[in-house]
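Read through the structure below, which is laid out as C-alpha cells, and then see the notes.
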Amino acid sequence: RAFSLSGTYLPGATITNTYFINENISLPVVSLCTDSLNLWDWNTGMYVMGPDADTTTPPYSNANFWKGFKKEAHAEYFDKNKNLGFEQDCATEIHGNFSKAWPQKSFRVMANDDYGDPYINYKIFPGKNIDKFRSFNIRNAGIDWNTCHFRDRLMHGIVENKTDIDIMEGEAVVLFLNGQYWGVYEIRERQDEYYLAENHNVDPDNVDLLRFEGDILEGSNAAFFEMVSFIGSNDMTIQTNYDSALKLIDLENYCDYFIAETYYGNWDWIYTGDPQGVNNIKFWRTISPASKWRYILWDTDLGMSLFDDVSTNCPQDLFGDIIDSSITQPSVHVVMLRSLLKNTSFRNYFVNRYCDLINTIFYPDNIIDKVQSIRDELMPEMARHFTKWNGPIFIFGTYTVGRSTDIPSWLNEIDTLEAFVNCRPYYVRDSLQSEFSFVKQVDVTLSVSPTGAGNIKLNTINKIDSLPWTGVYFDGVPITM
C-alpha cells in the first residue's frame, strides 16, 4: 500500500496491490486489506474481543465483533486462472451471527460511493447472470465451520435453477487478510433489498423484506400479517378463499421452500416447541404493484445431520413436527401451512411436488455427485486450512463445532453427510405417508417405445432425463402426465 505525500499538500489516494509469491492456489483468491488497527486495536478493532466482551462462553456477547464496526478497506478478487477480476476501495465489517465467535471470522464487503464506486462491477458468481453488486459476504461456512465446511452452499446448490426458491449463490475462495493467508472461505450473496433488485429486477425502495415472524428489514409488515390472518382464519376448502390466497402467496415458491427446509432437516429454522419459535426465515414482496409473497432460502447449516448422528437425524420428521396440531401457539408460517393443507388441491400439489423433488434433485446419487464435486474442489486447499485453523469449539454444552482437524477427519464428516443423503428419502416418504394417512407408496415406471420416440412430462418434472425411469409416489394422490 502506498500514497504520495509532499510538504503541506494533502496526501494522495492510497494505492493497494497484492502480489502472490510462490503461491499455487487452485481456488479463486480474495485479498482484503485494511489498516491493522481496524482489525486488532483493543478498543476499536473489529476482529478482537475488546474491553466489553463476555469472554467466558461463545458467542462472547458485547465483543467488538458484535458492535457492527464498519471500516475502510480494499478488496481484490482473482479467479481460478489467477486473473484479476476486480479491485476497489470498499467498506467492510464482521459478518454472521453465532459464527462471529469462531477464530476464523466472516467478512461483509460493501461497495460505497464514499470510496469511489457504489457497485462492484463484476460477475462474481458464475451461476447467475448478474454483473454488478452492492455487496457480498466472505463466509466462514457458519455453524458448519471446519466440519464439512460447505453444507449451506451445497443445500443452496441442490435447489438452484431446479426449484422456484430464491437462493444465496456462492463460490469457494481462499482469503488473504492484509497479505496473510486466512484460509478457505465462501463468497456468498448478501440477501438484502439489493439482492432482490439484482435477482428480480425490482426497485430496492419498493419492497417489503421481512424475517422471522415478520420483523421488518425493509418496508412494512402490515400486508404480510393481513395475509396470515386471511389464510389462517378462513376455510381453505372453500375454493373462493383458496383462490384469494393464491393471489397473495407464490404457490410454487412456498411449496418448494417448505419442502427443501423439511427435507434437509434444518433444525435452526421453525422450532418444535410451544410457543413455536423461528430463525433463519426471510420473505418478501414488491409493494406497488403488490406482488405475491416469496421465501428466501437462508442459512441451512444445521441441516443434513450437522449435529447428532445419522441414525438420529435421518428418521426425524421435521415436516410433521412443525405442523403438529398439539402446538397451540404455532409460527405464523405454520398457521398458513396448516390451513392451506386442508385444501385437497394444495395438498396434492404439495405432496406430488415433494415426490417429484425426491425422485430428481434429492435423489441420493444426484446429491452425492455434488458433494464429491465440492470435496474434490476443496481438497487441494484443506490441509493448509486445517494447519491455520484447528481445534473444536463446544457450544450449548452439548454440540461440537469444527470437528474436522485434518484431511482424514474432514473426509469422515463428508461420509456422515453422504450417509444422511442415502437414507433420507425413505424416511421422508414414510413420514408423508403417515402424516396424510396414505394407503401405500407405489413405483411409477415410465418408458417410450421405440427408444427416443418422445419425452414424458410428469407432474412438475418437465422432462425425464433418462428413460426408462422409476419414481415413488402415493396411492390416492393423482399424478399427471
Side-chain angles (χ1 to χ4, degrees), residues 144 147-163 165 167 255-267 269 297 300-320 350-379 410-435 438 440-447 456 458-474 479:
D144 189 41
T147 300
C148 283
H149 210 71
F150 59 75
R151 256 185 180 82
D152 183 66
R153 183 162 60 97
L154 168 70
M155 285 183 263
H156 284 252
I158 291 167
V159 300
E160 183 178 14
N161 299 325
K162 302 293 185 180
T163 67
I165 306 174
I167 65 103
C255 290
D256 283 353
Y257 174 79
F258 273 85
I259 289 167
E261 290 278 12
T262 55
Y263 188 83
Y264 291 153
N266 180 14
W267 290 100
W269 175 58
L297 197 62
T300 59
D301 304 277
L302 263 74
M304 286 194 169
S305 198
L306 174 62
F307 294 137
D308 298 321
D309 56 30
V310 171
S311 63
T312 299
N313 281 298
C314 228
Q316 287 176 331
D317 177 15
L318 183 56
F319 172 70
F350 183 87
V351 170
N352 272 334
R353 179 61 171 168
Y354 216 136
C355 291
D356 288 347
L357 295 180
I358 294 175
N359 292 325
T360 54
I361 65 171
F362 295 148
Y363 188 72
D365 287 355
N366 294 333
I367 295 181
I368 287 174
D369 283 348
K370 289 183 178 293
V371 171
Q372 294 181 351
S373 176
I374 296 173
R375 177 203 64 193
D376 293 346
E377 175 190 39
L378 296 181
M379 178 68 80
W410 179 58
L411 294 176
N412 184 63
E413 290 294 340
I414 294 173
D415 288 344
T416 299
L417 172 62
E418 291 184 351
F420 175 88
V421 169
N422 278 317
C423 69
R424 187 62 172 162
Y426 308 100
Y427 287 106
V428 171
R429 289 189 185 112
D430 288 348
S431 296
L432 290 172
Q433 181 178 347
S434 174
E435 193 66 40
F438 295 136
K440 62 181 177 179
Q441 300 171 34
V442 294
D443 289 345
V444 174
T445 299
L446 304 176
S447 187
I456 298 175
L458 174 66
N459 296 328
T460 65
I461 306 172
N462 288 321
K463 181 182 178 182
I464 304 295
D465 290 333
S466 180
L467 296 168
W469 176 93
T470 298
V472 181
Y473 291 86
F474 292 103
I479 62 173

Whether [X] side chain and [Y] backbone form a donor-acceptor pair below 3.5 Å:
{"X": "Asn359", "Y": "Val472", "result": "yes"}
{"X": "Arg151", "Y": "Thr300", "result": "no"}
{"X": "Asn313", "Y": "Phe307", "result": "yes"}
{"X": "Ser431", "Y": "Tyr427", "result": "yes"}

Test item: [X] and [Y] side chains (from C-beta on) under 4.5 Å apart, heavy atoms:
{"X": "Leu458", "Y": "Ile479", "result": "yes"}
{"X": "Asn366", "Y": "Ile361", "result": "no"}
{"X": "Leu306", "Y": "Thr147", "result": "yes"}
{"X": "Thr163", "Y": "Tyr257", "result": "no"}
{"X": "Leu297", "Y": "Glu261", "result": "yes"}
{"X": "Asp256", "Y": "Leu357", "result": "yes"}

If you take all heavy atoms of [X] and [Y], which pair is closest and at what distance?
{"X": "Phe420", "Y": "Cys314", "answer": "O-SG, 3.6 Å"}
{"X": "Ile165", "Y": "Ala260", "answer": "CD1-CB, 3.8 Å"}
{"X": "Cys148", "Y": "Trp410", "answer": "O-NE1, 3.0 Å"}
{"X": "Pro425", "Y": "Ile358", "answer": "CB-CG2, 3.8 Å"}
{"X": "Trp267", "Y": "Gln316", "answer": "NE1-OE1, 2.9 Å"}

Task: Non-neighbouring partners of Gln433 that pass side-chain hydrogen bond (donor to acceptor under 3.5 Å, both in side chains), sequence neighbours left out - done: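 Expected list: Gln441.
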Indicate every side-chain donor-acceptor pair of residues 460-471 with a distance under 3.5 Å to a residue at least two apart or in another chain.
from, atom 1, to, atom 2, distance (Å)
Thr460, OG1, Arg353, NH1, 2.8
Thr460, OG1, Asp356, OD2, 2.7
Thr470, OG1, Thr445, OG1, 2.9

Task: ring pair (Phe, Tyr, Trp, His ring centres under 6.0 Å) partner of Trp269, the single match among Phe258, Tyr263, Phe319 - done: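 Only one of Phe258, Tyr263, Phe319 forms a ring pair (Phe, Tyr, Trp, His ring centres under 6.0 Å) with Trp269, namely Phe258.
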When rounded to the nearest 0.5 angstrom, what is the spacing between [atom1] in [X] and [atom2] in [Y]?
{"X": "Leu302", "Y": "Asp152", "atom1": "CG", "atom2": "CG", "answer": "10.5 Å"}
{"X": "Ile158", "Y": "Lys370", "atom1": "CD1", "atom2": "NZ", "answer": "7.0 Å"}
{"X": "Arg375", "Y": "Met379", "atom1": "CZ", "atom2": "CE", "answer": "6.0 Å"}
{"X": "Asn459", "Y": "Tyr354", "atom1": "CG", "atom2": "OH", "answer": "16.0 Å"}
{"X": "Thr262", "Y": "Asp317", "atom1": "OG1", "atom2": "CG", "answer": "8.5 Å"}

Open item on the list: If you take the centroid of each ring, where Trp contributes its six-membered ring, are Tyr264 and Phe362 closer together than 6.0 Å?
Closed with: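 Ring-ring flag for Phe362/Tyr264: true, centres closer than 6.0 Å.
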Task: Worked check of side chain to side chain contact (heavy atoms under 4.5 Å, CB included) between Val371 and Ile414 - done: CA-CA 8 Å; Val371 171; Ile414 294 173; 3.7 Å; yes
Open item on the list: Is there a side chain to side chain contact (heavy atoms under 4.5 Å, CB included) between Met304 and Ile367? Walk through the geometry before answering.
Closed with: CA-CA 11 Å; Met304 286 194 169; Ile367 295 181; 4.2 Å; yes
- [ ] List the steps, then state whether side-chain hydrogen bond (donor to acceptor under 3.5 Å, both in side chains) holds for Thr312 with Asp309.
- [x] CA-CA 5 Å; Thr312 299; Asp309 56 30; 2.9 Å; yes
Open item on the list: I need the full list of side-chain hydrogen bond (donor to acceptor under 3.5 Å, both in side chains) pairs touching residues 415-424, with sequence neighbours left out, sorted by first then second residue.
Closed with: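 Only Gln372-Glu418 qualify under side-chain hydrogen bond (donor to acceptor under 3.5 Å, both in side chains).
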